[in-house]
Amino acid sequence: MQTKVLTLAFIEITLSILVSVLIIFISFKILQKVFLKSISIKEDNLAFSVFSAGIIISIGVILSEIIPSITNIVRLSMSETNDITLSSIIQYSGLYLFIGFIFALVINASVFLLFSALTKGINEFKEIQQNNVATSIIVTATLLSITLIAKDSISLLISALIPYPETTNFLL
């Protein structure tokens with residue numbers, strides 16, 4: 001059995017679960033406090049539940065593109081050729097998560113701006129508060145579509161920030 005690979009796998013699983021739970025918890029609390037202060041999940045508001053689920057799925061898709069980059073940093077730190085310390089891992093992880101969180105906010109804001117521009121005279125937040133499921137589904141579908149389109153670009157940006165060791169071009 002390869003104990004180094006097993007250790008790395010447990011580190012990656014633990015890191016993925018902890019980061020995901022923390023980010024989704026924070027995002028959900030921000031969603032409740034900023035966007036829909038007067039509604040809770042305890043109420044019988046299907047529109048809010050659909051909308052919240054869409055945001056959580058959107059954040060999960062973005063996190064699924066960021067977590068591999070964080071685990072790559074952990075892998076690089078375990079190799080003999082790199083001098084990546086625990087503080088470097090934390091700094092890079094924080095940077096990657098910050099970038100992902102900013103993109104999640106940008107995507108959410110752009111969806112609301114897009115939807116508001118397309119539907120003049122309709123206040124989406126008020127419609128969701130009033131349990132308008134149709135509005136919630138359309139906003140959520142738009143959010144998920146834009147997230148799925150942007151996720152590869154976010155992944156590429158994060159991957160470009162990984163401090164891979166320098167390699168020589170032996171073909172030159």
Side-chain angles (χ1 to χ4, degrees), residues 4-5 7-41 48-117 124-125 128 136 139-167:
K4 190 172 186 178
V5 174
T7 303
L8 181 61
F10 280 125
I11 290 171
E12 288 183 21
I13 290 169
T14 304
L15 187 64
S16 297
I17 291 171
L18 290 175
V19 167
S20 300
V21 168
L22 180 67
I23 295 295
I24 289 174
F25 176 79
I26 291 170
S27 300
F28 188 76
K29 288 299 181 184
I30 290 172
L31 171 69
Q32 280 185 319
K33 293 202 185 309
V34 173
F35 292 115
L36 302 167
K37 297 175 187 171
S38 62
I39 296 177
S40 75
I41 206 146
F48 177 70
S49 299
V50 168
F51 178 67
S52 298
I55 289 181
I56 290 171
I57 292 169
S58 172
I59 291 168
V61 168
I62 292 171
L63 279 177
S64 73
E65 298 297 321
I66 293 172
I67 296 294
S69 296
I70 293 173
T71 56
N72 280 340
I73 292 291
V74 174
R75 287 178 185 168
L76 284 172
S77 72
M78 295 181 83
S79 70
E80 292 88 25
T81 59
N82 258 328
D83 296 329
I84 298 177
T85 63
L86 180 61
S87 66
S88 296
I89 293 171
I90 292 170
Q91 288 174 345
Y92 280 110
S93 299
L95 175 65
Y96 299 160
L97 292 172
F98 178 74
I99 291 170
F101 193 70
I102 293 298
F103 275 107
L105 290 176
V106 167
I107 289 170
N108 285 313
S110 65
V111 165
F112 292 119
L113 291 174
L114 173 68
F115 200 77
S116 293
E124 292 78 24
F125 296 119
I128 291 171
S136 180
V139 170
T140 302
T142 307
L143 171 67
L144 294 176
S145 296
I146 292 175
T147 301
L148 290 171
I149 292 167
K151 75 179 180 86
D152 290 333
S153 301
I154 295 168
S155 176
L156 181 62
L157 173 68
I158 299 296
S159 296
L161 299 174
I162 296 174
Y164 288 115
E166 293 293 322
T167 58

Which pair of non-hydrogen atoms, one from [X] and one from [Y], has the smallest distance, and what is that distance?
X    : Y    : value
F51  : T140 : CA-OG1, 3.5 Å
V111 : V139 : CG1-O, 3.8 Å
I70  : S93  : CG2-OG, 3.3 Å
L144 : G54  : CD2-O, 3.5 Å
G100 : I66  : CA-CD1, 3.2 Å
L143 : T147 : O-OG1, 2.8 Å

Review point. Which one of I55, V61, I62, I57 satisfies the side-chain contact (heavy atoms from CB on, under 4.5 Å) criterion with I59?
Key: I55

How many angstroms lie between [atom1] in [X] and [atom2] in [Y], if you round to the nearest 0.5 Å?
X    : Y    : atom1 : atom2 : value
L113 : N108 : CG    : CG    : 11.0 Å
S88  : I73  : OG    : CD1   : 8.5 Å
I90  : S87  : CD1   : OG    : 7.0 Å
E65  : L63  : CD    : CG    : 10.0 Å
Y96  : S159 : OH    : OG    : 8.0 Å

Practice item. Taking the side chain as every heavy atom from C-beta outward, state whether L22 and L97 have any atom pair closer than 4.5 Å. Key: no

Is there a donor-acceptor contact under 3.5 Å from the side chain of [X] to the main chain of [Y]?
X    : Y    : answer
S145 : A141 : yes
Y92  : S69  : no
S52  : S49  : no
S110 : I107 : yes

